[in-house]
Number of protein chains: 2
Amino acid sequence: MAQKAGVSVTTVSRVINNSKPVSSELRERVERVIKETGFAPSEVARGLVHRKTKLIGLMIPKVANTFFSQLIEGAEQVAKANGFNILLTVSHMDMEKEVDYLSIFKDRQLDGIIFSVSQFTNLHRQFFNEFEIPTVFLGQQIKETPYPYILIDNFKASYEATKYLINKGHEKIGILKGPDYDISTGYERYRGYQQALQDAGLAVHDDWVFSDFHDINNGYRGMKTIMEQDELPTAMFACSDVMAVGAINYLQDHGFRIPQDMSIIGFDDAELSTMFRPKLTTIRQDSFEMGAEAMRCLIEQIVEKKTEKKEIIFPHQLIERESTAETTNYLRR
Amino acid sequence: MAQKAGVSVTTVSRVINNSKPVSSELRERVERVIKETGFAPSEVARGLVHRKTKLIGLMIPKVANTFFSQLIEGAEQVAKANGFNILLTVSHMDMEKEVDYLSIFKDRQLDGIIFSVSQFTNLHRQFFNEFEIPTVFLGQQIKETPYPYILIDNFKASYEATKYLINKGHEKIGILKGPDYDISTGYERYRGYQQALQDAGLAVHDDWVFSDFHDINNGYRGMKTIMEQDELPTAMFACSDVMAVGAINYLQDHGFRIPQDMSIIGFDDAELSTMFRPKLTTIRQDSFEMGAEAMRCLIEQIVEKKTEKKEIIFPHQLIERESTAETTNYLRR
DNA sequence: CTGTTAGCGCGTTCAT
DNA sequence: ATGAACGCGCTAACAG
């Protein structure tokens with residue numbers, strides 16, 4: 001390339017990067033050859049020199065889930081706009097895999113990491129102690145690293161969801177939640193639910209609590225389990241829209257009407273929640289924007305070369321639709 | 001690292017790669033230091049030497065779509081198992097972006113590309129003429145490159161879907177399809193529909209043909225448009241489950257019953273199709289496995305260092321559920 | 001303004 | 001069995 005234009009590689013580098021003045025004659029000559037050959041500098045070699053790869057590691061538990069797939073799109077868009085690309089990994093909630101991927105991120109010298117941790121174990125701790133790499137945590141309050149995290153106030157949102165049901169006259173309220181070790185959808189959301197009940201002088205009924213991964217079948221199973229109890233709730237707080245839909249499926253399949261026979265509130269406001277009938281009353285969180293903001297925050301760390309502990313709390317919003325109603329002549333077994 | 005162990009970098013390289021015999025004494029010494037320091041070789045530098053990055057570029061039009069999100073998971077899993085990682089890009093059906101990303105893939109010296117093209121333009125052609133990089137096309141029959149493509153037989157699948165409706169006694173059948181330039185979901189599926197009608201001596205009714213991106217709102221809009229005609233179909237072939245769901249939403253919102261008043265068959269067999277009520281009759285395609293197979297095929301090209309034109313046709317399957325029925329006293333306006 | 005030199009962190013000769 | 005020297009493709013520092 002350089003000799004084709006009859007100049008030194010340095011000159012080529014200079015016209016490409018506009019890093020130093022080059023006489024218009026040489027510049028033109030170089031530019032012409034670039035056009036002709038379609039030459040473009042190797043990002044790998046550049047990465048070696050600059051110790052920057054312009055690559056962001058994005059690690060999430062699952063792709064096939066509206067929350068995360070939207071989040072990916074938000075992150076990708078911001079990354080692209082700033083000249084970064086995304087290396088995507090899927091952890092499937094497997095903590096060993098997570099740590100494994102972290103070390104791959106390090107070896108590949110990624111410029112930064114956006115990480116939706118399932119659980120912060122000692123191995124995670126060790127990694128972040130040992131290596132310094134700009135990071136943004138997603139969905140969990142990771143307080144023991146110097147890096148920002150971004151999430152909604154799960155406790156508050158769940159408190160509001162439960163309170164909303166209580167205000168509708170419900171006193172018997174069950175919950176379909178994530179696994180216990182999932183801090184946000186398993187632990188925090190349960191806490192909010194619990195607190196709301198307690199503040200209203202209502203008791204938590206253990207038989208109405210069901211925990212598992214968020215998928216439709218578990219929603220179905222969870223609702224089934226609960227409907228097999230002697231005493232039945234009149235409303236359910238589902239910690240995800242898919243859980244809510246699974247629950248509604250079970251109920252409808254067994255002759256119950258929503259919301260007349262059971263009120264159900266979901267969480268996420270996935271596309272699902274408006275295409276499903278009845279349309280879901282739910283808690284909205286803007287996952288696309290959360291992905292975008294996480295990426296912005298990360299890129300800021302990278303270019304400013306400094307990270308400050310930040311807590312970014314995203315707003316949530318209760319959206320009332322058709323799956324919830326006032327308590328009135330509700331069925332009893 | 002090398003001096004910490006009191007050996008040359010070469011020796012370190014040898015124990016890490018097991019490339020040449022090293023005395024057990026030095027080996028142990030090196031291994032100990034590796035353990036202690038957590039040293040791992042820079043993948044970037046390795047990439048520069050080997051001209052291999054162990055990175056696969058995956059380009060798809062959208063993430064938040066079951067078909068693609070499952071496909072990503074399939075591809076990621078196989079990549080991971082073979083020591084590759086995925087650089088993910090989202091094209092949003094924008095052809096300029098596609099070409100843009102292709103050139104990024106080249107500059108980053110990715111080892112291979114999995115590419116869901118929206119439309120193969122001259123710029124695409126030019127790229128693949130100019131540069132040699134292992135590729136697998138996804139979802140479209142790209143015949144003009146030496147690279148394999150993988151897809152289902154869209155024509156046949158649509159033919160079967162339409163035929164199924166005809167066998168149920170339907171003679172007035174509409175279609176909700178992708179945009180015209182989308183070869184697979186817009187063009188091929190329409191062709192299959194058309195051919196099935198023709199073979200049955202039925203005419204294509206242009207007023208019952210609606211084309212747009214596959215999303216729920218367009219399904220709703222499309223169905224609305226069609227239901228505003230003077231003459232109405234008794235069955236619809238929706239070229240995606242989301243379109244089908246949008247259509248059903250419109251119909252149900254306006255007092256029609258599915259399948260009694262209108263039969264609807266979808267396409268994809270997304271998770272959606274069983275959680276929605278009525279459960280969707282649909283054409284199943286295994287997107288997870290397609291992603292996995294695409295990745296296998298690509299990695300094979302990479303390691304064997306030779307590519308042969310292959311056409312991989314994936315099986316599809318009609319799954320009968322609740323959204324379709326025999327024609328009987330169907331409504332007329 | 002331009003070219004030469006050095007070095008980013010490895011792997012791969014080629015000597016020893 | 002080991003290490004020194006070279007090169008992967010690029011940019012930064014130094015000369016001229």
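Sequence lines set the chain letters: A, B, ... in the order given, protein chains first and strands last, and positions in each chain run from 1.
- With rounding to whole Å, B/Asn17 atom CG is found 15 Å from C/dT13 atom C1'.
- For the pair B/Ile56 and B/Leu110, the minimum side-chain heavy-atom distance is 4.5 Å or more.
- Looking at which nucleotide of DNA chain D each of B/Ala45 and B/Ser23 is closest to, the 5′-most match is held by B/Ser23.
- Residue B/Glu43 contributes atom CD, which lies 19 Å from atom P of C/dC8 at whole-angstrom precision.
- Rounding to whole angstrom units, CD of residue B/Gln109 and C1' of D/dC8 are separated by 10 Å.
- Between the NZ atom of B/Lys52 and the C1' atom of D/dG9 there is a distance of 16 Å, given to the nearest Å.
- Remark: P of D/dC8 and CG of B/Leu48 are 9 Å apart, rounded to the nearest angstrom.
- Judged by closest nucleotide on DNA chain D, B/Thr10 is the one of B/Thr10 and A/Ile16 placed further toward the 5' end.
- Judged by distance alone with a 3.5 Å cut-off, no donor-acceptor contact links the side chain of B/Ser8 to the base of D/dA4.
- Between B/His124 and B/Phe115, the angle of the ring planes stays under 30°, which puts this pair in the parallel group of the 30/60° scheme.
- Backbone-only contact: A/Val22 has heavy atoms under 4.0 Å from sugar-phosphate atoms and none from a base.
- When the side-chain nitrogen and oxygen atoms of B/Ser13 are compared with OP1 and OP2 of C/dG11, one or more of them lie within a distance under 4.0 Å.
- The side-chain heavy atoms of B/Phe213 and B/Lys62, taken from C-beta on, include no pair separated by under 4.5 Å.
- Counting to the nearest Å, the P atom of C/dC10 and the CD1 atom of B/Ile34 are 11 Å from each other.
- Rounded to an integer number of Å, the gap from A/Arg29 CZ to C/dT2 C1' is 12 Å.
- Across all strands, A/Thr11 comes closer than 4.0 Å only to sugar-phosphate atoms, never to a base (heavy-atom distances).
- Rounded to whole Å, atom C1' of D/dG9 lies 18 Å from atom NZ of A/Lys4.
- Using a 30° and 60° split on the angle between ring planes, A/Phe137 and A/Tyr147 fall in the tilted class, from 30° to 60°.
- Counted by atom type alone, B/Thr11 and B/Ser8 present one or more donor-acceptor pairs between their side chains at under 3.5 Å.
- Counting only heavy atoms from C-beta on, A/Arg51 has its side chain closest to C/dG9 among D/dC8, C/dG9, D/dC10.
- The phosphate of D/dT11 has OP1 or OP2 within less than 4.0 Å of a side-chain N or O from A/Arg46.
- Counting distance only, with no hydrogens placed and no angle test, the side-chain atoms of B/Arg14 and the base atoms of D/dG3 include a donor-acceptor pair under 3.5 Å.
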